[in-house]
Amino acid sequence: MPTKPLLIVISGPSGSGKGTLCALLRQALPNLEYSISLTTRQPRPGEQNGVDYFFVSDDEFKTMIGRGEFLEWAEVYGHYYGTGRSVVESYLRSGRDVLLEIDIQGAQNVKRLFPQAILIFIAPPSLQELGARITNRGTDTEETIRRRMNCVPSELQAAEGYDYVVINDTPEQALAELLKIIEDARGSTDCR
Ligand code: 5GP
């Protein structure tokens, strides 16, 4: 009997290392489909359109909102971010597991639409470590870093609403925990 596809949602504050973990998870699970989000923020050095994000203008984004083309969207740190509806729905219809890396507002909206979605929050080992990771990334302006750090307390509070919290002490340990969560969820999808 085929199992239901998994919809895995990963969130966490800036600097929690969720981007790196999602990349490791995709390497470990090549059949996991990743939904590339759309954003109105500028690409960081090294980011590629259609790989990291689809980079669009405010007008394009608003037109897509009007057409109902987003499964969810949110304003995060002063820019718009959204998940395309048709891609994710077609992956799930064809039975493929999907990974979304989205903010806490988006995660709540996805959970409302798909109660079976597995919400995983990536937390940093400490606030000092978080600050160091954001600053050392070296790709953000001081204003961007300040804005992101200001959001950390409310983001950490949101962890309470998640199904799982993974503390990212090291990428190896956090990846192992993610894989275990997914393996356990696979084992239980027959009963959903
Ligand atoms: P960044 O600018 O660092 O790539 O992402 C900023 C925030 O936007 C992160 O919390 C990231 O998870 C979130 N984000 C990325 N894509 C989406 C999306 O499609 N929808 C929502 N709601 N948040 C997103």
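Keep in mind that the numbers below use all heavy atoms, side chains included, and drop hydrogens, waters and symmetry copies. Start at 1 and go down the list; that is how both ligands and their atoms are numbered.
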ask   = At their closest point, which heavy atom of I167 faces which heavy atom of P125, and how far apart are they?
value = CG2-CA, 3.9 Å

Heavy-atom closest contact (S16 atom, I122 atom, distance) = CB-O, 3.5 Å

message = With a 4.5 Å cut-off on side-chain heavy atoms, are F114 and V9 touching?
response = no

request  = Taking the side chain as every heavy atom from C-beta outward, state whether E47 and T139 have any atom pair closer than 4.5 Å.
outcome  = no

key: Ring geometry between Y162 and F121 (parallel below 30°, tilted from 30 to 60°, perpendicular above 60°)   = perpendicular

Show the atoms of ligand 1 that are less than 4.0 angstrom away from any heavy atom in [X].
{"X": "A74", "value": "22 (N)"}
{"X": "S37", "value": "16 (N), 17 (C), 18 (C), 19 (O)"}
{"X": "K18", "value": "9 (C), 10 (O), 12 (O)"}
{"X": "R41", "value": "1 (P), 2 (O), 4 (O)"}
{"X": "G106", "value": "22 (N)"}

remark   = dist N168:CG -> T20:OG1 (nearest 0.5 Å) comes out at 8.0 Å

Sub-4.0 Å heavy-atom contact, [X] with ligand 1:
{"X": "R44", "answer": "yes"}
{"X": "G82", "answer": "yes"}
{"X": "H79", "answer": "no"}
{"X": "E72", "answer": "yes"}

Could you see which bit of [X] sits under 4.0 Å from ligand 1, with heavy atoms only: side chain, backbone, both or neither?
{"X": "V76", "value": "side chain"}
{"X": "E101", "value": "both"}
{"X": "R148", "value": "side chain"}

task = Just go through Y53, Y80, F54, Y77 and tell me whose heavy atom is the nearest to atom 1 (P) of ligand 1.
result = Y53

query = Nearest to atom 10 (O) of ligand 1 by heavy atom, D103, L71, D140: which?
reply = D103

ask   = Does a sphere of radius 6.0 Å around CD in E143 hold more than 12 heavy atoms from other residues, nucleotides or ligands, not counting ones at 6.0 Å or beyond?
value = yes

inquiry  = I need the single residue from T63, D58, V56 that forms a side chain to side chain contact (heavy atoms under 4.5 Å, CB included) with E60. Which is it?
reply    = V56

key: Side-chain ion pair, D52 and R44, N-O less than 4.0 Å   = no

